[in-house]
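Taking it in order: structure first as structure tokens, then the write-up.
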Amino acid sequence: MTTTVGETGGRAPVSSLADLERAVTERRERPAYGEDALISCDRLVRIFTADGVEVQALQGLDLLVGKGELMALVGASGSGKSTLLNILAGLDVPTAGAASVGGYDLLAMDAKSRLRYRRDVVGFVWQQTARNLLPYLTAAQNVVLPMQLSGRTEGLRTKRQRAARATELLGMLGVGYCHDRHPGQMSGGEQQRAAIAVALANNPAVILADEPTGELDSATGEQVFASFRTANEELGTTVVVVTHDHAVANAVRRTVAIRDGRTASEVVRHTEVDEHGQESVVAREYATVDRAGRLQLPRDYTDALAIESRVLLELEPDHIGVWPDRPKPARPETAEAQEGPEAREAPEAE
């Protein structure tokens, strides 16, 4: 082991060559980032150019979504959430970084692979109800159409088998009575639930939905979201919903907030049972740390402390202290510390 002299004259240990080789080997043997995730985004960048002006919609975004999750993406307009959804749907191509869904590399697919990916791996539900269904087909015919276009044969060889699956999906989502209705004969909520059935037609690994309740009233929106939950619980389909609807965002186990093209925070919810056997949902909010070690502080926190350009960090044994860039007030001493060690060790008077 060798040492170097620091600025203060103290000696700091420097790893030997063997230590460095061991560290490199351990790093190589670690699981790759997102190895077990269904959706993996690693430092994802998307730049749009218009009239010679570049706009960075995504600025090194990291995101992992596990198989079977039901989660929501939230963020202000222009935060990058819809851009991310379009990339995951195979409708757009990222500028840089890495992204994969179900083993498909979204940056490396050719046109044929991208078409197969959109037909078989992902289902998509748009906000506009009229955009999800062909107006001249019935609900059942709309569900059958993706099966016919896919060309997949497992269990769906015949017309009768495809019709049976369409009937099953519409019934499971509570709109079986719309089987022979055209979209113009259905309400907005019925159209959206039929659209979810269309998205599920080819048994995709993931359903992506862009503001699916945005044009619906709250009661109808709850029915539509219940259909996503049904698909998630009964079919095991992973569901990612972009939403501004607080009711939807609060009804999922995990909500990821995107700000300025990066994941900024997550709210994770779980159920706890108290000593009386009563169940309650507990939500905890976390700031996310990306692969580059960047952390976005909540805006209301930075505003409250007038934090603008930089902060002072202090590493403690079990946490990191974050302080505004101004002289930090001295920590108040406890009464025990003020008494001194002699006072603490003195026996109490009888």
Side-chain angles (χ1 to χ4, degrees), residues 23-24 26-28 30-48 54-67 69 71-89 92-102 104-108 206 208 238 240-243 249 252-269 283-303 305 307-316 318-325:
V24 170
E26 291 175 355
R27 193 174 297 114
R28 286 175 179 167
R30 291 177 190 166
Y33 177 78
E35 184 177 282
D36 298 327
L38 177 68
I39 299 174
S40 173
C41 299
D42 183 5
R43 301 167 188 171
L44 203 60
V45 175
R46 180 64 173 103
I47 300 174
F48 294 99
E54 288 189 349
V55 177
Q56 286 193 330
L58 299 179
Q59 303 183 46
L61 179 142
D62 294 326
L63 178 68
L64 298 177
V65 180
K67 185 177 181 180
E69 275 199 68
M71 66 164 295
L73 295 174
V74 298
S77 297
S79 61
K81 58 187 188 301
S82 292
T83 298
L84 172 63
L85 210 66
N86 286 335
I87 289 173
L88 296 179
D92 193 11
V93 182
T95 306
S100 65
V101 177
Y104 280 78
D105 185 341
L106 300 186
L107 280 79
V206 58
L208 307 170
T238 303
V240 178
V241 179
V242 163
T243 185
V252 298
R253 293 292 181 183
R254 180 181 174 216
T255 301
V256 175
I258 297 178
R259 193 174 84 196
D260 300 329
R262 300 189 186 106
T263 50
S265 63
E266 292 189 17
V267 175
V268 179
R269 301 171 182 86
R284 298 202 65 180
E285 184 171 4
Y286 300 85
T288 57
V289 180
D290 67 16
R291 295 259 284 154
R294 292 172 297 198
L295 171 73
Q296 290 198 48
L297 298 176
R299 188 155 290 155
D300 51 346
Y301 287 24
T302 57
D303 290 346
L305 296 176
I307 294 174
E308 296 180 356
S309 59
R310 62 184 185 182
V311 293
L312 175 67
L313 302 180
E314 289 189 358
L315 179 61
E316 303 289 350
D318 60 348
H319 69 279
I320 298 173
V322 181
W323 303 87
D325 182 28

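This is a predicted model, so every value here is computed, not measured.
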(message) Can you list everything that forms a salt bridge (Lys or Arg N to Asp or Glu O under 4.0 Å) with E285? Sequence neighbours excluded, please.
(response) none
(request) Could you list the residues that satisfy salt bridge (Lys or Arg N to Asp or Glu O under 4.0 Å) with D62, not counting sequence neighbours? (result) none
(message) More than 12 heavy atoms of other residues, nucleotides or ligands under 6.0 Å from CZ of F48: yes or no?
(response) yes
(request) Answer yes or no: does atom CZ of R299 have more than 12 heavy-atom neighbours from other residues, nucleotides or ligands under 6.0 Å? (result) no
Heavy-atom closest contact ([X] atom, [Y] atom, distance):
X: V267; Y: A283; answer: CG1-CB, 4.0 Å
X: A249; Y: T255; answer: O-OG1, 2.7 Å
X: A264; Y: R259; answer: CB-CB, 3.9 Å
X: V289; Y: L295; answer: CG2-CD1, 4.0 Å
X: R254; Y: L64; answer: NH1-O, 2.8 Å
X: T263; Y: Q296; answer: O-NE2, 4.0 Å

(request) May I have the step-by-step check of side chain to side chain contact (heavy atoms under 4.5 Å, CB included) for E308 and D325, ending in yes or no? (result) CA-CA 9 Å; E308 296 180 356; D325 182 28; over 6 Å; no
Drop me the distance from [X]'s [atom1] to [Y]'s [atom2], to the nearest 0.5 angstrom.
X: R46; Y: D92; atom1: CZ; atom2: CG; answer: 4.0 Å
X: I39; Y: Y104; atom1: CD1; atom2: OH; answer: 14.5 Å
X: D290; Y: D42; atom1: CG; atom2: CG; answer: 9.5 Å
X: I47; Y: T83; atom1: CD1; atom2: OG1; answer: 12.0 Å
X: L208; Y: S82; atom1: CG; atom2: OG; answer: 11.5 Å
X: I258; Y: L84; atom1: CD1; atom2: CG; answer: 5.0 Å

(request) Could you tell me whether a side-chain N or O of K81 sits under 3.5 Å from a main-chain N or O of V242, the two making a donor and an acceptor? (result) no
Answer whether the closest heavy-atom distance between the side chains of [X] and [Y] falls below 4.5 Å.
X: V74; Y: T243; result: yes
X: V252; Y: V241; result: no
X: V65; Y: L38; result: no
X: L313; Y: V311; result: yes
X: L88; Y: C41; result: yes

(message) side chain to side chain contact (heavy atoms under 4.5 Å, CB included) for L58 and I87? Distances and angles first, verdict last.
(response) CA-CA 11 Å; L58 299 179; I87 289 173; 3.7 Å; yes
(message) Walk me through whether V268 and R284 qualify under side chain to side chain contact (heavy atoms under 4.5 Å, CB included).
(response) CA-CA 6 Å; V268 179; R284 298 202 65 180; 5.7 Å; no
